[in-house]
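What follows is a single structure, written as structure tokens, with notes after it.
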Amino acid sequence: MIAVCQFGGSNCDRDAVAALRDLDFEAERVWYADGLPENADGVVLPGGFSYGDYLRAGAMAARAPISKEVREAADRGTPVLGICNGAQIATESGLVPGAFTTNASARFRCEHVHLRVENEDTPWTAGFDAGDVLTLPIAHGEGRFEISETELATLEAENRVLFRYCDSEGEVTDDANPNGSVGNVAGILGEREHTAVLMPHPERATLPDLGRTDGRTILRGFAEAASG
Amino acid sequence: MAASYTASVTVRLKPGVLDPEAETTKRALERLDFELEELRSVDRFEIDLDADSPEAAAERADAMAQRLLANPTIHDYTVAVEPTEGPS
């Protein structure tokens, strides 16, 4: 069962459950105060505005007791996916390095973006080839990835950048960067390949009724890792 | 003996980290015809606490900054402690 952790202010938890169920995987919403169920084979930290983005986006949820349980599960090898606010929670709780902060434009960006697959050898991207260009929706005001130069160099050397914002041809350019993220980074791996975060929303691009389905491949890879 | 202190934790962006809100605020001031070179925004938390010494109060506030109030990836912070004024 994949646990989708719902905090006060999460708003993509239902979408994540619906997307995973559409892929025939078992998924349940889990209220943060109830703790992480023991039978959770995978964890989604969903998008939204947990705790009203008080202090910093994700800061409060990252200190909730369930986040400690999620870190412990990740240490045991349980796949964890942080999407949007979930990505912010994951950086704040130390599941992945770096920080997601105010967009360079200081504006909320809600649109479709192109992403280039950087590393195909992960559960999340196994269904793609490196260099593939995906289209996924974003909806965030605080998605600018910041990280020290040293840590970024480590991420790149260890091939832990999953996706970069790019144009429709796959060129990584400043114009294609919706939020000013360093290196156009849109998604990364934690220290282990089964922990990943991204600002774009794969769960909003999974159900065929919603149009594009590039998110399907990411969620399927995740769910297969969780059930495998 | 325990006394009352107010610890002020000031959290600011590390030099070089972009501050889009401060940039926007600066532009708004310029539109109001103010002249300025640079504007930085900071967050300041004032924490009232009882501790055995100013050092102990500062140590606790420092731990609060490390654990929650600041994000080490993007922030620096300073802690200043003063005796709390007035009746507590």
Side-chain angles (χ1 to χ4, degrees), chain A residues 50-51 53-65 67-68 71 87-109 140-155 174 177-185 188 190 197, chain B residues 5-49 57-81:
Chain A
S50 57
Y51 298 84
D53 282 349
Y54 286 0
L55 191 65
R56 298 177 299 275
M60 297 298 163
R63 274 87 180 169
S67 291
K68 183 164 174 273
R71 281 197 301 276
Q88 296 161 338
I89 294 168
T91 53
E92 281 283 340
S93 73
L95 271 168
V96 300
F100 291 100
T101 186
T102 317
N103 292 350
S105 63
R107 294 197 176 97
F108 193 91
R109 300 286 298 259
H140 61 245
E142 298 176 34
R144 173 168 55 100
F145 186 61
E146 281 286 350
I147 192 167
S148 72
E149 282 180 26
T150 336
E151 284 177 297
L152 180 63
T154 305
L155 277 184
D174 286 346
N177 190 341
N179 50 33
S181 290
V182 292
N184 285 43
V185 170
I188 59 167
V197 302
Chain B
Y5 298 97
T6 298
S8 297
V9 178
T10 304
V11 178
R12 64 186 80 228
L13 288 168
K14 284 181 174 172
V17 177
L18 193 67
D19 187 346
E21 291 179 4
E23 275 301 308
T24 307
T25 309
K26 175 171 178 271
R27 282 201 301 277
L29 284 170
E30 287 167 343
R31 274 199 298 274
L32 294 171
D33 287 333
F34 287 107
E35 288 182 21
L36 68 161
E37 297 306 315
E38 202 60 60
L39 178 149
R40 288 171 295 281
S41 62
V42 302
D43 287 326
R44 194 168 91 151
F45 303 89
E46 296 180 349
I47 304 160
D48 295 339
L49 47 97
E59 199 174 312
R60 210 184 309 161
D62 192 88
M64 293 178 192
Q66 282 193 30
R67 293 279 304 280
L68 176 64
L69 300 178
N71 178 330
T73 301
I74 51 173
H75 291 140
D76 289 328
Y77 67 87
T78 53
V79 175
V81 170

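We name chains A, B, ... by the order of the sequence lines, and we start the count at 1 in each one.
Both the backbone and the side chain of Leu18(B) come within contact range of chain A, with heavy atoms under 4.5 Å apart. Only the backbone of Ala70(B) comes within contact range of chain A, with heavy atoms under 4.5 Å apart.
Scanning all heavy atoms of the two residues, the minimum distance from Ala106(A) to Pro20(B) falls at CB-CB, 3.7 Å.
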Heavy-atom donor-acceptor pairs under 3.5 Å, chain B with chain A:
unit_1	atom_1	unit_2	atom_2	d
Leu18(B)	O	Arg144(A)	NH2	2.9
Arg67(B)	O	Arg63(A)	NE	2.9
Arg67(B)	O	Arg63(A)	NH2	2.8
Leu68(B)	O	Arg56(A)	NH1	3.2
Leu68(B)	O	Arg56(A)	NH2	2.7
Leu69(B)	O	Arg56(A)	NH1	2.9
Asn71(B)	ND2	Glu92(A)	OE2	3.1

